[in-house]
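In what follows, chains are A, B, ... by sequence order, proteins preceding strands, each numbered from 1. On a predicted model such as this, the values are computed, not experimentally measured, just so you know.
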Protein chains: 2
Amino acid sequence: MDHIDRTLLTHLQQDAAQSYAALGQAVGLSAGAAHERVRKLRERGAIRRTTVEVDPAAVGGAVLAYVMVDSVSWMGDSAEAFAALPEVLEAHVIAGSASVLVKVRTATTEQLQDVLRRIYAIDGVSGTQATVVLETFFERPVSPELGAG
Amino acid sequence: MDHIDRTLLTHLQQDAAQSYAALGQAVGLSAGAAHERVRKLRERGAIRRTTVEVDPAAVGGAVLAYVMVDSVSWMGDSAEAFAALPEVLEAHVIAGSASVLVKVRTATTEQLQDVLRRIYAIDGVSGTQATVVLETFFERPVSPELGAG
DNA sequence: TCTGAAAAGCGCTCACA
DNA sequence: TGTGAGCGCTTTTCAGA
């Protein structure tokens, strides 16, 4: 994982549909060499998959909220319970008073309320504190340049 | 945006490198028709871009934290100040006592501390409350099937 | 809006350095 | 780990329905 690899990752994050010739030119390599490096980045798992970025508002996810989930028992193996709710995009075990932090997207605040009800129904959950987002400044992928430290 | 479009989006999220022939077969259309639908999804902005999913841990982002940022003044036009910090992956204006919620990834907790210092230096910021993630259950893209309501 | 086919471009693999 | 070239497949386009 050198500077060239990080630059390749940055360019692929911006546009994964570009040709290997263009990608190679951006880092001063031939198309074949760029292809080989990207193949290895996939092999190592640094690149997980090629995907498309979907506008949340276009598919019924205009309302964004973060929910602190309090519990009375250990939530360490409740991943599936949260994953079963399609509106829950992220679920993390956190340090602090609450035990799980989840990111939720719904079309309306009524649907958000329904998701909170379904979270509350999960075994061990004793309460929820929802924080509704009024405006999103930006959402962006992790910068490979952080690795340059 | 009908059922076919939502299915196309779901398949593209899973693998944007597959052929239009395979994509069309998944929804019962010819490659040409699938191509035309995807082209329109891009045109409308439902698909923002084709990208790669990068493993955060592979590029110096192993530590994840959410930070509530309190302020003494209106933070509505401080988007650039947060965007200038590469470790800040998301920044949202929120309802509630704090005024901005940010998602941060760093390699170490020492670097997280440094990011908090730089956030504190932003004009109007009066305090930060960081919540460190101990374990991530999952992080996934918005489900196009939400739109089926 | 779809199908089917033709043309142009690219991915992938190879021999070689 | 790199280059450059070839074959084969895919993207992209278009006429027709």
Between C1' of D:dT11 and CD of A:Q18, the distance in whole Å = 16 Å
Starting at CG of B:L29 and ending at C1' of D:dT11, how long is that distance when rounded to a whole Å?
-> 17 Å
Is B:D123 atom CG crowded by more than 12 heavy atoms from other residues, nucleotides or ligands, each under 6.0 Å away?
-> no
Atom CZ of A:R42 and atom C1' of C:dC12: how far apart are they, to the nearest Å?
-> 13 Å
Measure the distance from CD on B:E36 to P on C:dG4 and round it to the nearest whole Å.
-> 16 Å
Using atom CD of A:E43 as one end and atom C1' of D:dT1 as the other, report the distance to the nearest whole Å.
-> 14 Å
NA contact type, A:R37, heavy-atom cut-off 4.0 Å: base, sugar-phosphate, or nothing?
-> sugar-phosphate
Look at B:R105 together with B:E90 and state whether they make a salt bridge at an N to O cut-off of under 4.0 Å.
-> no
Residue A:Q18 excluded, over 12 heavy atoms near CD under 6.0 Å = yes
Atom pair distance, as rounded to whole Å: CZ in A:R39 and P in C:dT13 = 9 Å
Could you work out which one of D:dT11, C:dT3, C:dG11 sits closest to the side chain of A:S19?
-> C:dG11
Evaluate side chain to side chain donor-acceptor pair (under 3.5 Å) for A:S71 paired with A:S126, printing each intermediate quantity in order.
-> CA-CA 5 Å; A:S71 68; A:S126 59; 5.8 Å; no
Looking only at side-chain atoms of B:H35, point me to the closest of C:dC12, D:dT13, D:dG2.
-> D:dT13
Side chain of B:Y20 only, please: which of C:dT3, D:dT3, D:dT11 is the nearest?
-> D:dT11
